[in-house]
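Report on the structure given below.
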2 protein chains.
Amino acid sequence: MKEGPNIAGIAALIGDPARANMLQALMTGVALTASELAQEAGVTPQTSSFHLGRLAEAGLVTLRKQGRHKYYNLADADVAALLEAMSGIAMRSGMTRVRTGPKEPALRKARVCYNHLAGEYGVQAYDSLLARAFLVEDGEQLHLTGDGRSFLSELGVVLPDKETKRRPLCKSCLDWSARRSHLAGIVGTSLLSFFLEQGWAKRVDGSRIIEFSKSGDSRFHAIFSL
Amino acid sequence: MKEGPNIAGIAALIGDPARANMLQALMTGVALTASELAQEAGVTPQTSSFHLGRLAEAGLVTLRKQGRHKYYNLADADVAALLEAMSGIAMRSGMTRVRTGPKEPALRKARVCYNHLAGEYGVQAYDSLLARAFLVEDGEQLHLTGDGRSFLSELGVVLPDKETKRRPLCKSCLDWSARRSHLAGIVGTSLLSFFLEQGWAKRVDGSRIIEFSKSGDSRFHAIFSL
DNA sequence: TTGATAGTTCGATCACGATCGAAACAATAG
DNA sequence: CTATTGTTTCGATCGTGATCGAACTATCAA
């Protein structure tokens, strides 16, 4: 009778407040343990376990055991993209949380999206690389050019040698706040790591916010000008 | 305490089977009345009314009264994109409907996505236009070139004269089956209408499937070769 | 006017699923 | 070994929200 994939299934999964909180917490990209996620979601460890089981079963999160801990991650950049898209719809639908705190502007400016940089800074980096042909779009594919590779290497960004088919080097990800693409994929991840390691920016507590220092900010704008 | 938009809200909205069915029915792009949607979802008109109220309130659907009918539509291409993305995740998570009917291959081949063409045919058209520089990507923006405009006009596709800011002429939409972009926006809509009006293809009953005729198929491939 | 169809509102019911307490299991630390 | 911490299983509870029957409003067709 019915056709197509069961949308209601995963939607219902994400639709539970506790699970949604967990997923949003995982949007920071850091691996979290079951009990940390319980705390994040405001439920007891038992319930957390129950929810995480369902999320893992549906393939929305992955886990790796490490000693007596279980570390959870978002399964995939695609899952992150779905959550990001959902944020966009929720945002414009006026379905914001009770109190839209002072963090929101900071979120729009720079935040981590799973494992790469999003927000205004993410978009700017993406555009800047594109404008200088360090990055080229080919249909939906995205490629790092030779020039782009050497540019990043010279900066000090570490990149794998070869582009594998399985994990694309570059990938674009739609930004809910800017409604534009930012850079995902291995390059996106490496770039974010670079910023953090150089001390140009740092993560804020357990949120998705990325805070650029004064000097880091000016360096960023010097390099990724438009 | 919490930050960011309320993902759980819209997810829960989509998470109800009845509402999910309604939304998927609306993915065909045709406007449906409340009772048609009730039938589609397998619920009574009362329940349908209840659900549609919530969907409209959240801004996921729009309605226009016409006589004693209320015609419902998806609010936006963004909502369609969200549902499409969700289909992708649901698909690979093995959360397919009980029986994956014989329609599925047809869906992968060509289907309507809200109001434009998706599936293999949609992707091919997109790539073909891009390859001949009838369409150019500029960051996330997508533009129809002068050549592209005259090419389509010559074919007989009707297009509005000017590109307005509000409704972009072109827009890319991610395809869940092909994992590639296909053409959305006004051009995408016009193109689909063109195929249907010319009799190259027709819609299948109330599903999202687009069925190309023998002659329509060959004409399509002649024009949108790669 | 009467009759028919589309849609809504109200109220009551009912089922599903989230939640937690208690207890078990797992793995490390001392 | 024992003690402690992290995670899971089971069972019972409980609340939220979907559902439908019945009655009501609105629009159209005679």
Side-chain angles (χ1 to χ4, degrees), chain A residues 1-2 6-26 30-58 60-73 90 93 95 98 206, chain B residues 1-2 6-26 30-58 60-73 95 98 206:
Chain A
M1 189 85 184
K2 298 293 179 229
N6 186 1
I7 283 191
I10 28 104
L13 226 45
I14 306 175
D16 178 76
R19 286 191 289 257
N21 285 336
M22 291 176 172
L23 290 172
Q24 278 188 326
L26 289 175
V30 298
L32 294 174
T33 68
S35 23
E36 284 171 331
L37 286 167
Q39 168 118 13
E40 200 69 40
V43 294
T44 59
Q46 308 101 322
T47 357
S48 165
S49 175
F50 166 69
H51 287 310
L52 288 170
R54 310 210 122 229
L55 288 175
E57 183 190 15
L60 293 183
V61 300
T62 57
L63 62 133
R64 61 197 154 85
K65 296 185 58 171
Q66 198 152 291
R68 52 181 165 179
H69 293 275
K70 274 193 181 171
Y71 284 94
Y72 285 88
N73 262 312
S93 298
M95 300 200 59
V98 274
Chain B
M1 189 87 183
K2 299 293 178 226
N6 187 359
I7 284 193
I10 30 103
L13 226 45
I14 306 174
D16 179 75
R19 286 192 289 258
N21 286 336
M22 291 177 172
L23 290 172
Q24 278 188 323
L26 289 174
V30 297
L32 295 173
T33 67
S35 24
E36 285 170 331
L37 285 167
Q39 168 118 14
E40 201 69 41
V43 293
T44 58
Q46 308 101 319
T47 342
S48 165
S49 175
F50 165 70
H51 288 309
L52 288 170
R54 311 211 118 225
L55 288 176
E57 184 190 13
L60 293 183
V61 301
T62 56
L63 62 134
R64 60 197 154 86
K65 296 185 59 169
Q66 196 151 288
R68 54 179 165 180
H69 293 277
K70 275 193 180 171
Y71 284 94
Y72 286 88
N73 262 312
M95 301 201 56
V98 274

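Everything numeric here is computed off the predicted structure, so don't read it as measured data. Residue numbers start from 1 in every chain, and the chains themselves are labelled A, B, ... in the order their sequence lines are given, proteins ahead of strands. What you see below is based on every heavy atom in this structure, not just the backbone, and it leaves out hydrogens, waters and symmetry mates.
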Please state whether the phosphate of D/dA18, meaning OP1 or OP2, lies under 4.0 angstrom from any side-chain nitrogen or oxygen of B/Arg19. yes
Along DNA chain C, first and last positions that approach a heavy atom of chain A under 4.0 Å: C/dA18 to C/dT28
Please round to the nearest 0.5 Å and tell me the distance separating atom CG of A/Leu37 and atom NE2 of A/His51. 11.5 Å
Nearest-0.5 Å distance, OH of residue A/Tyr72 to OG1 of residue A/Thr33: 9.5 Å
Looking only at non-hydrogen atoms, find the nearest pair between A/Met22 and A/Ala41 and report the distance. CG-CB, 3.9 Å
Starting from P on D/dT27, measure out to OH on B/Tyr71 and report it in whole angstrom. 15 Å
Spacing between A/Glu36 atom CD and D/dT5 atom P, to the nearest angstrom: 16 Å
Rounded to the nearest 0.5 Å, what separation is found between the CG atom of A/Asn21 and the CG atom of A/Leu26? 11.0 Å
Roughly how far apart are A/Arg64 CZ and A/Asn73 CG, rounded to 0.5 Å? 6.0 Å
Nearest-0.5 Å distance that lies between atom CG in A/Leu13 and atom CG in A/Leu23: 8.0 Å
Specify the closest pair of heavy atoms between A/Ser48 and A/Val43, including all atoms of both residues, with the distance to one decimal. N-CG2, 4.0 Å
Give the rounded distance in Å between these two atoms: CG of A/Leu37 and P of D/dT8. 11 Å
Residues from residues 44-54 of chain A lying under 4.0 Å of DNA chain C - heavy atoms: A/Thr44, A/Gln46, A/Thr47, A/Phe50, A/His51
Straight-line distance of B/Gln24 CD to B/Ile14 CD1, nearest 0.5 Å: 10.5 Å
Find the distance B/His69:NE2 to D/dT27:P and express it as a whole number of Å. 13 Å
